[in-house]
Amino acid sequence: MENLNLKYNATKVDEIEQTRKLPIENCITDTSISMLCLFIQKGLIDENGHHGVSKAVAMDVIDKYLEEKDKDEMVLDIMEALVKGGFLSRQVDVAKLREATNKRTAQAKQIIDEM
């Protein structure tokens, strides 16, 4: 599965912030399924080019995504879209975050394999 087709604009970010009563910077630190679902609902562009999907569709997208990738990767996809939209600092290097996450995972796997 490729990265999620996400795009955020001021209206969608405001809807997320109003729903959670928190600024977007705080929302992205909440990696609960309900928060990820809200990010997908508001940011996903479906196969027909429509911006935003229902909760049921968002949950289905999450299930399909998690068959091949993990929650950390989903959070990074969301962060990447928020950075591209200018809603998180453009100084955030999501590629380096992905690299660090992959390195950390590889180190943990090596430790487990050596046990």
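Remember, it's a predicted structure, so these values are computed and weren't measured experimentally.
- Residue pairs meeting the side-chain hydrogen bond (donor to acceptor under 3.5 Å, both in side chains) criterion with at least one member in residues 53-62, sequence neighbours excluded, are Asp60-Lys64.
- In this structure, Ile16 is not a member of the same hydrophobic cluster as Ile45, with clusters built from ILVMFWY side-chain heavy atoms closer than 4.5 Å.
- Sorted by first and then second residue, the salt bridge (charged side-chain N to carboxylate O under 4.0 Å, His left out) pairs involving residues 13-22 (not counting sequence neighbours) are Glu15-Lys42, Arg20-Asp30.
- With sequence neighbours excluded, the residues satisfying salt bridge (charged side-chain N to carboxylate O under 4.0 Å, His left out) with Asp113 are Lys109.
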Do any side-chain atoms of residues 89-97 form donor-acceptor pairs under 3.5 angstrom with protein atoms, and if so which ones, sequence neighbours left out?
unit_1, atom_1, unit_2, atom_2, d
Ser89, OG, Gln91, N, 3.0
Arg90, NH1, Val83, O, 3.0
Arg90, NH1, Lys84, O, 3.0
Asp93, OD1, Ala95, N, 3.2
Asp93, OD1, Lys96, N, 3.1

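- Looking at heavy atoms from C-beta onward, Leu82 lies out of side-chain contact with Met79 at the 4.5 angstrom threshold.
- No side-chain heavy atom of Val61 sits less than 4.5 Å from a side-chain heavy atom of Val53.
- No side-chain heavy atom of Val13 sits under 4.5 Å from any side-chain heavy atom of Phe39.
- Ile33 is not connected to Leu22 by any chain of hydrophobic side-chain contacts under 4.5 Å among Ile, Leu, Val, Met, Phe, Trp and Tyr, and they are in different clusters.
- Applying the side chain to side chain contact (heavy atoms under 4.5 Å, CB included) test to Asn48 and every residue at least two apart in sequence or in another chain returns Asp46, His50.
- With sequence neighbours left out, the side chain to side chain contact (heavy atoms under 4.5 Å, CB included) criterion links Thr31 to Lys71, Val75.
- The shortest side-chain heavy-atom distance between Pro23 and Asn26 falls under the 4.5 Å cut-off.
- Checked against side chain to side chain contact (heavy atoms under 4.5 Å, CB included), Ala81 has the following partners two or more places apart in sequence or in another chain: Leu6, Tyr8.
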Worksheet item: Between Met74 and Lys69, does a side-chain contact (heavy atoms from CB on, under 4.5 Å) hold up when you go through it step by step?
Response: CA-CA 8 Å; Met74 181 176 281; Lys69 296 186 176 188; over 6 Å; no
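- With sequence neighbours left out, the salt bridge (charged side-chain N to carboxylate O under 4.0 Å, His left out) criterion links Glu73 to no other residue.
- Listed by chain and number, the residues in a side chain to side chain contact (heavy atoms under 4.5 Å, CB included) with Glu99 amount to none (sequence neighbours excluded).
- Residues satisfying the side chain to side chain donor-acceptor pair (under 3.5 Å) test with Glu67, not counting sequence neighbours, are none.
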